[in-house]
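Chain identifiers are assigned alphabetically (A, B, ...) following the order of the sequence lines, protein sequences preceding nucleic acid strands; residue numbering begins at 1 within each chain. All heavy atoms count here, side chains included; hydrogens, waters and symmetry mates do not.
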Amino acid sequence: MGKNKILCEIFSQIADALDFLGENPFKISAYRKASRVLEDYPTDVEEVYRGGGITALTSIPGIGAAMSKKIAEFLETGRMRKYEEVISQAPQDLLKLMDVQSIGPKTLKLAYDRLSVRSVQDFKRVLADGSLADLPGMGHKKVENIKDGLELYERMSERIPLGLAFPIVQETVREIEQLPQVKSISACGSFRRMKETVGDIDILCTGDGGDKIIDHFVHLPGITRILGAGETKGSVIFSDRYQMDLRVVPTGSYGAALQYFTGSKQHNIHLRTIAKGRGLKISEYGVFREEESVGGREEQDVYRVLGLRWIPPELREDLGEVEAAAADSLPQLIQSDDMKGDLHVHSRYSDGTVTLEELLDETRRRRYQYIAVCDHSRSAKYARGLEVETLMEKVENIRKLNEESKGAKLLAGTEVDILPNGSLDYPDEVLKELVFVIAAIHSWRKEEDVTHRILTAMESPLVHVIAHPTGRLISTRQAYQVDMDRVIEKAAQTETALEINAYYDRLDLSDTYVRRAKELGVKLAIGTDAHNIGQLWMIALGVGVARRGWCERPDVLNSWDYEQIIQWTRQKGQR
DNA sequence: GCCGTTTTCGGCCCGACTGTTTTCAGTCG
């Protein structure tokens, strides 16, 4: 997988550099597209190349003859001449500024040519001393906008984890939809697509009196800065951190606008290309044949006029969903309503704050059939991992509670540590007493490749799920070294499920791996990893990841009835 | 640089906004 990411980065840098150098825009977008394709490409390009050479590489969408040669060169020699050549003409440090609002390649090139600007530092200098403002085509307002952009960039350069945006969006939507003028409202953008992180938050609504709606919006509690407020668009910073935009559009184009602002950009480009071939034009105002509107009130209109099924937002990444919609073979995606339980929750026995009784109550309150109580195992001292004796006491308590409980059940489980040699932190006779065993790596040496540990753990028939398989934390920690291709293959072979850990900072497995796992028939188990009641809602984030991974009900254990889960885990134990 | 039941050459998504201009370039989503 590593090579895909590196090539993705290389092509992206080439694109930025070519942009800076004023190359043919279509060539630039070809590199951007190739970069994007590789970012999400499910197979290691190195594997593709070893298997079928340059010809095989050209079968990757967006990769043609020229780029295949460059990829091959890189794989063979570890270098790419085109990259080196282009990079030498465009200072990397400067190109970082392309991410800043109001700064683009032309501005940078201008500063480079006329003011010998070579670095971010140089750029800040010519910004401050007024020399940039004096250049032709520039001016004081432009420079002010760039200064604002730079300030915002430095404060908010990181994307926001979806789980942090979630409550903010819910609350804001609730506030706005209460206004009498508002007819329909929806979040859009990467939030609606349930991407694991979001850049800013986009909300769209339709109604009368846009200025009143916007005015209400920009004065909501928690807003710390108003960036703009007109009749159709308001833009604010919430809590000094989150940029949030609200747009008000006419009812007749609400669907088209919703589709448009939901993206992704690549998805929309694909749709527009199809539309064009049919003599149609799609914009955020609707779908048009010549000047005549042929749809746009409902989001479905946009897809319908192209002869496509409506595509769920989570799939809109131009990763095959348009083709699937055309062939009427879109997946029946799993939904939040399908969740019959949570498959990874901690209790007070280890490092959680909740009692078994409270968890059972919560199981009922959420209309679940079950919650799997998976506390840490004895080696996890930092998390108050359970000694065997305590674990057995917990199992007995769960048995009693379940006996008295109608409907809702707790699954007696553990999140057992996978030890450095791949063995498990409890002996088999202990694990046999448990209904649901998820195994996880919690400690590893720097640079250690943990693949063999996970593969070994999956060989145990007593392990049902591998929890947070890559160990990454979205905001703070890289994944450990692990060959996920082998893990997923082994999971298929041993019928071990892989977890979609739904805790907002994990979302591990991530969507790309989920999709690959699903394709190999691997089952997924969504668990919130909640340590208190207030974290159980995150199951919604896990469902989002599953949907982005094209999962249907049979793929996800949580959609199964209690009895089915029990039967499945037993079967695995008896192999 | 990519791509093809309209094309192997000539296209490549589209519109708005802003600021600088006097008809348009740059940037954004």
Side-chain angles (χ1 to χ4, degrees), chain A residues 11 14-20 22-38 57-71 82-83 86 97-111 132-146 148-149 152-153 188-193 198-202 204 227-228 230-233 235 243 245 247 249 253 256-288 296 302 306 318 322 326:
Chain A
F11 284 147
I14 292 179
D16 283 349
L18 293 179
D19 207 351
F20 175 80
E23 253 286 4
N24 174 0
F26 300 110
K27 187 187 281 192
I28 297 163
S29 63
Y31 275 105
R32 292 243 156 80
K33 173 157 194 211
S35 170
R36 228 195 72 86
V37 166
L38 290 177
L57 289 175
T58 57
S59 68
I60 301 173
I63 307 288
M67 288 208 220
S68 291
K69 275 172 76 178
K70 293 185 175 72
I71 293 173
K82 174 76 175 181
Y83 173 73
V86 157
L97 292 175
M98 299 244 288
D99 292 337
V100 177
Q101 292 260 345
S102 308
I103 300 180
K106 297 291 189 281
T107 308
L108 292 178
K109 189 63 162 45
L110 190 69
L132 186 65
D134 289 339
L135 294 180
M138 299 301 292
H140 284 291
K141 284 216 167 158
K142 271 196 174 177
V143 165
E144 282 309 307
N145 287 341
I146 290 174
D148 283 353
L152 206 62
Y153 173 77
C188 36
S190 47
F191 180 88
R192 184 163 178 241
R193 302 200 313 279
V198 301
D200 50 17
I201 296 168
D202 289 315
L204 185 74
L227 300 174
E231 278 183 31
T232 61
K233 184 179 168 185
S235 196
Q243 178 167 342
D245 295 342
R247 284 165 214 277
V249 299
S253 54
L258 186 57
Q259 196 287 322
Y260 175 78
F261 288 112
T262 296
S264 67
K265 188 174 170 152
Q266 296 303 320
H267 173 87
N268 286 354
I269 287 173
H270 196 155
L271 293 189
R272 286 178 185 208
T273 308
I274 295 175
K276 198 169 174 176
R278 297 179 173 220
L280 295 165
K281 193 181 67 177
I282 300 174
S283 76
E284 59 262 52
Y285 301 106
V287 186
F288 300 90
V302 177
L306 300 180
D318 195 23
V322 178

Strictly distance-based, threshold 3.5 Å: is any side-chain N or O of A/Ser264 a donor or acceptor partner for the main-chain N or O of A/His267?
yes
Have a look at A/Val100 and say if it touches a base, only the backbone sugar-phosphate, or nothing, with a 4.0 Å heavy-atom cut-off.
sugar-phosphate
Output side-chain donor-acceptor pairs under 3.5 Å for residues 269-278 of chain A, partner residues at least two apart or in another chain, one line each.
residue: A/His270; atom: ND1; partner: A/Asp318; partner atom: OD1; Å: 2.6
residue: A/Thr273; atom: OG1; partner: A/Ile269; partner atom: O; Å: 2.6
residue: A/Arg278; atom: NH1; partner: A/Leu306; partner atom: O; Å: 3.4
residue: A/Arg278; atom: NH2; partner: A/Leu306; partner atom: O; Å: 3.4

Closest heavy-atom contact between A/Gly199 and A/Ser190?
N-OG, 4.1 Å
Take A/Asp19 and A/Tyr31 through the test side-chain contact (heavy atoms from CB on, under 4.5 Å) and record every step on the way to the result.
CA-CA 10 Å; A/Asp19 207 351; A/Tyr31 275 105; over 6 Å; no
Mind checking the P distance from B/dG11 to B/dT18? Whole angstroms is fine.
33 Å
Looking for any heavy atom pair under 4.0 Å, which part of the strands does A/Ile103 touch: base, sugar-phosphate only, or nothing?
sugar-phosphate
So what does A/Pro105 touch, heavy atoms closer than 4.0 Å: a base, only the sugar-phosphate, or nothing?
sugar-phosphate
Starting from P on B/dG19, measure out to CG on A/Leu110 and report it in whole angstrom.
18 Å
Taking everything shown except A/Lys109 itself, do over 12 heavy atoms lie less than 6.0 Å from its NZ?
yes
Atom P, compared across B/dC28 and B/dT23: separation rounded to whole Å:
26 Å
On DNA chain B, check which nucleotide each of A/Asp99 and A/Ala30 is closest to and give me the residue with the more 5' one.
A/Ala30
When rounded to whole Å, the CZ to C1' distance for the pair A/Arg36 and B/dG1 reads 17 Å
Can A/Met67 and A/Ile60 be said to form a side-chain contact (heavy atoms from CB on, under 4.5 Å), step by step?
CA-CA 10 Å; A/Met67 288 208 220; A/Ile60 301 173; over 6 Å; no
Please measure how far the C1' atom in B/dT6 lies from the corresponding atom in B/dG10, and state the result in whole Å.
13 Å
Atom CG of A/Asp16 and atom C1' of B/dG1 are separated, to the nearest Å, by 16 Å
Which atom names give the shortest non-hydrogen contact between A/Cys188 and A/Leu204, and what distance separates them?
SG-CB, 3.9 Å
Whole-Å distance between B/dG26 C1' and A/Leu108 CG?
12 Å
Mind checking A/Lys70 for me? I need base, sugar-phosphate or nothing, with any heavy atom below 4.0 Å counting as a touch.
sugar-phosphate
Quote, to the nearest angstrom, the C1' distance that separates B/dC9 from B/dG15.
28 Å
Can you tell me if A/Lys142 uses its side chain to pair, donor with acceptor, with the backbone of A/Gly137 under 3.5 Å?
yes
Where does B/dT7 land, syn or anti, once you apply the within-90°-of-0 test for syn?
syn
B/dT8 pairs with which nucleotide, Watson-Crick or G-U wobble, both distances below 3.5 Å?
none
Which of these nucleotides, B/dG19, B/dC2, B/dG29, is closest to any side-chain atom of A/Lys142?
B/dG19
A/Ile63 has an atom CD1; how far is it from atom C1' of B/dG1, in whole Å?
10 Å
Sticking with atom P, work out how far B/dG26 lies from B/dT22, rounded to a whole angstrom.
15 Å
Would you mind reading off the distance between A/Ile146 atom CD1 and B/dT18 atom P, rounded to a whole angstrom?
16 Å
Find out whether A/Tyr260 and A/Asn268 are in side-chain contact, i.e. whether some heavy atom of one side chain is under 4.5 Å from a heavy atom of the other.
yes
Could you tell me how far B/dC13 sits from B/dG29 if I compare only their C1' atoms? Round to whole Å.
12 Å
Which nucleotides of nucleotides 7-17 of chain B have their base under 4.0 Å from a protein heavy atom (B), which only their sugar-phosphate (S), and which neither (-), written as one string 5' to 3'?
-----BBBSS-
Among B/dT18, B/dC2, B/dT27, the one nearest any side-chain atom of A/Lys106 is B/dT27
Find the distance A/Gln101:CD to B/dG19:P and express it as a whole number of Å.
13 Å
Given the C1' atoms of B/dC2 and B/dT8, what is the spacing between them in whole Å?
12 Å
Does anything in residues 134-141 of chain A reach DNA chain B, meaning a heavy atom under 4.0 Å, and if so which residues?
A/Gly137, A/Met138, A/Gly139, A/His140, A/Lys141
Beyond-backbone contact of A/Leu108 with A/Phe20, side-chain heavy atoms, under 4.5 angstrom
yes
Are any of the side-chain heavy atoms of A/Glu284 and A/Ser253 separated by less than 4.5 Å?
no
Pick base, sugar-phosphate or nothing for A/Ala275, based on heavy-atom distances below 4.0 Å to the nucleic acid.
nothing
When rounded to whole Å, the CG to P distance for the pair A/Leu97 and B/dG26 reads 18 Å
Please work out if A/Gly277 contacts a base, only the sugar-phosphate, or nothing of the nucleic acid, heavy-atom cut-off 4.0 Å.
base
If you look at every strand shown and take non-hydrogen atoms under 4.0 Å, does A/Leu271 touch a base, only sugar-phosphate, or nothing?
nothing
